[in-house]
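The next block holds one structure in the form of structure tokens; read it before the comments.
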Protein chains: 2
Amino acid sequence: MKTDVAWMKNYLREYSIKPSTIRIKMLKYLMENKIHPTVDEIYHALLKDIPTLSKTSVYNTLDIFLKNGIVSLVTIEEKETRYDIDTSLHGHFKCESCGKVYDFHVNAENLKEEGIEDFDVLDKKIYYSGICEKCKNIKEE
Amino acid sequence: MKTDVAWMKNYLREYSIKPSTIRIKMLKYLMENKIHPTVDEIYHALLKDIPTLSKTSVYNTLDIFLKNGIVSLVTIEEKETRYDIDTSLHGHFKCESCGKVYDFHVNAENLKEEGIEDFDVLDKKIYYSGICEKCKNIKEE
DNA sequence: CTAAATGCAAACGGTTTGCAATGCT
DNA sequence: AGCATTGCAAACCGTTTGCATTTAG
């Protein structure tokens, strides 16, 4: 994956976001760590690289990313908001045992919705939860 | 809809929940107000009837309802948790204009998931958002 | 009488806000 | 210099917690 600085500066500009140090590093982190991180995770990860980083800046930057469609929100029954650099339609599965959030593909074109035919649907989210394969196997041991 | 006290006492017992004044009134409220209410909405609605009611009790009771499967959580990109007395699989549509949460029917059997074939899926949630028909018409006026 | 249910008040923690400091051109 | 970006500290608010009080069988 292309994640050099020049490429990311351009990427940000395509989304009408002025590239700044923090914005570039946050974009890089999100692209290289597609684990649907929380604000805290992003903050602590970047703190090693940017010792003066504040959580406020992480919030600010994520707000900008959100408004400009670079990231989307993931909120599966939890208080901490998570962020996803992949804004295309896909499902999220949260393992109740290990807490990990997995992506999965869905063929939403087969999904028929009844009752909202005349609504303007701007966003769709599909959240599953349960036990992932790894945790199932651990329990069986 | 049957919502007399005797019926609801029995309903709670079926879910292994001891009927108490607050539990019965909360169940009644949830059954008669399927608006996916927040804790605050439930609290203020019942306060008229139970002047000594505390939010703690609303939280406690909802926890019991949740654990016993009488209600399910609705968390569409918002901080306030909402509760749904309908625990069957259906979609939720949140209007970004008026904030109302609508239910809609989905034929999830047509939905193919790829990537989580070996996971134990215990819960599925489908959240849409956009502009509801009413708000669309208001804007057009 | 006893255990469960309810309520009060404080703490908690993620997020927001106002403003000051810093950086960039 | 002037404007955008970043950071600090406090406030905010929904939720949780510990414990005291009340209720019900």
Side-chain angles (χ1 to χ4, degrees), chain A residues 5-6 8-9 12-13 15-29 36-68 70-83 99 101, chain B residues 5-6 8-10 12-13 15-29 36-68 70-71 73-83 99 101:
Chain A
V5 174
M8 277 186 296
K9 276 191 182 178
L12 288 169
R13 287 206 187 90
Y15 282 89
S16 330
I17 298 168
K18 255 197 234 172
S20 74
T21 309
I22 289 180
R23 288 170 191 172
I24 291 166
K25 298 207 175 198
M26 265 186 59
L27 177 62
K28 186 173 161 68
Y29 174 79
H36 321 88
T38 62
V39 168
D40 207 58
E41 283 171 339
I42 299 169
Y43 171 69
H44 281 106
L46 294 189
L47 200 56
K48 295 165 194 158
D49 199 25
I50 318 168
T52 61
L53 184 66
S54 70
K55 267 197 186 173
T56 308
S57 297
V58 177
Y59 278 110
N60 286 340
T61 307
L62 285 169
D63 282 348
I64 291 168
F65 282 6
L66 256 184
K67 280 205 186 84
N68 291 277
I70 270 193
V71 296
S72 64
L73 283 179
V74 181
T75 49
I76 314 187
E77 287 181 29
E78 46 194 340
K79 294 132 209 183
E80 281 186 306
T81 311
R82 292 173 175 274
Y83 296 83
V101 177
Chain B
V5 174
M8 278 187 296
K9 277 190 181 178
N10 194 50
L12 287 169
R13 286 205 187 90
Y15 282 89
S16 329
I17 298 169
K18 257 197 234 174
S20 73
T21 310
I22 289 179
R23 289 171 190 172
I24 290 166
K25 299 208 174 198
M26 265 185 59
L27 176 62
K28 186 175 162 67
Y29 174 80
H36 322 88
T38 62
V39 168
D40 205 60
E41 281 171 342
I42 299 168
Y43 171 69
H44 281 107
L46 293 189
L47 200 57
K48 295 164 192 158
D49 198 25
I50 318 168
T52 61
L53 184 66
S54 69
K55 267 197 186 172
T56 309
S57 297
V58 178
Y59 278 109
N60 286 341
T61 307
L62 285 169
D63 282 348
I64 292 167
F65 283 6
L66 255 185
K67 279 205 186 84
N68 291 276
I70 270 192
V71 296
L73 283 181
V74 181
T75 48
I76 314 186
E77 287 180 29
E78 48 193 341
K79 296 131 211 184
E80 281 186 307
T81 311
R82 293 173 175 273
Y83 295 84
V101 178

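Predicted model, so just to flag it, every value in this text is computed and none were measured. By convention in this document, chain letters (A, B, ...) are assigned in the order of the sequence lines, proteins followed by strands, and residues within each chain are numbered from 1.
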Could you tell me the separation between the [atom1] atom of [X] and the [atom2] atom of [N], rounded to a whole number of Å?
X       : N      : atom1 : atom2 : answer
B:Leu62 : D:dG14 : CG    : P     : 15 Å
A:Asn60 : D:dA4  : CG    : C1'   : 12 Å
B:His44 : D:dG14 : NE2   : C1'   : 13 Å
A:Glu78 : D:dT15 : CD    : P     : 14 Å
A:Glu77 : D:dT15 : CD    : C1'   : 16 Å

Just the table, please: protein N/O against nucleotides 22-25 of chain D N/O, every pair under 3.5 Å.
none

Atom [atom1] in [X], atom [atom2] in [Y]: separation rounded to 0.5 Å?
X       : Y       : atom1 : atom2 : value
A:Ile64 : A:Ser16 : CD1   : OG    : 12.0 Å
A:Glu77 : B:Thr81 : CD    : OG1   : 9.5 Å
A:Thr38 : A:Leu62 : OG1   : CG    : 10.0 Å

Start and end of the DNA chain C segment that chain B contacts, any atom under 4.0 Å from a heavy atom: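 Taking any atom under 4.0 Å from a heavy atom of chain B, the span is C:dA4 to C:dT16.
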
Residue pair B:Tyr83, B:Leu73: steps toward the side-chain contact (heavy atoms from CB on, under 4.5 Å) verdict: CA-CA 5 Å; B:Tyr83 295 84; B:Leu73 283 181; 3.5 Å; yes

Chi angles and distances behind the side-chain contact (heavy atoms from CB on, under 4.5 Å) call for B:Val39, B:Glu80: CA-CA 8 Å; B:Val39 168; B:Glu80 281 186 307; over 6 Å; no

Comparing B:Lys18 and A:Lys79 on DNA chain C - which has the more 5′ nearest nucleotide: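 By nearest-heavy-atom nucleotide position, the 5'-most residue is B:Lys18.
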
Closest-nucleotide ordering on DNA chain C, the 5'-leading residue of B:Thr61 and A:Val39: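 In this pair, the answer is B:Thr61.
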
A:Ile22 side chain, from C-beta outward: closest of D:dT5, D:dG7, D:dG14: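 So the nucleotide nearest the side chain must be D:dG7.
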
Candidate pair B:Leu12 and B:Asn68, rule side-chain contact (heavy atoms from CB on, under 4.5 Å), full reasoning: CA-CA 10 Å; B:Leu12 287 169; B:Asn68 291 276; over 6 Å; no

Contacting residues from residues 47-59 of chain A, given that a heavy atom lies under 4.0 angstrom of DNA chain D: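 Listed by number, they are A:Thr52, A:Leu53, A:Ser54, A:Thr56, A:Ser57.
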
Any A:Ser20 side-chain nitrogen or oxygen under 4.0 Å from OP1 or OP2 of D:dT6: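 Result: yes.
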
Main-chain N/O of A:Lys18 paired with A:Arg23 side-chain donor or acceptor, under 3.5 Å: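 Yes; at least one donor-acceptor contact below 3.5 Å.
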
More than 12 heavy atoms of other groups within 6.0 Å of B:Lys9 NZ: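 Not more than 12 within 6.0 Å, no.
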
Those residues that, when tested against B:Glu78, pass side chain to side chain contact (heavy atoms under 4.5 Å, CB included) (two or more places apart):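 With sequence neighbours excluded, B:Glu78 shows a side chain to side chain contact (heavy atoms under 4.5 Å, CB included) to B:Ile76, B:Arg82, B:Lys94, given in chain and number order.
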
Sugar-phosphate, base or nothing in reach of B:Thr81, heavy atoms under 4.0 Å: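 B:Thr81: backbone/sugar contact only, no base atoms under 4.0 Å.
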
Do any side-chain atoms of residues 42-53 of chain B form donor-acceptor pairs under 3.5 angstrom with protein atoms, and if so which ones, sequence neighbours left out?
from    : atom 1 : to      : atom 2 : distance (Å)
B:His44 : ND1    : B:Asp40 : O      : 3.1
B:His44 : ND1    : B:Asp40 : OD2    : 3.3
B:Asp49 : OD2    : B:Lys25 : NZ     : 2.6

Ring pair (Phe, Tyr, Trp, His ring centres under 6.0 Å) partners of B:Tyr59, counting only residues at least two apart: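 Once residues adjacent in sequence are excluded, B:Tyr59 has no partner under the ring pair (Phe, Tyr, Trp, His ring centres under 6.0 Å) criterion.
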
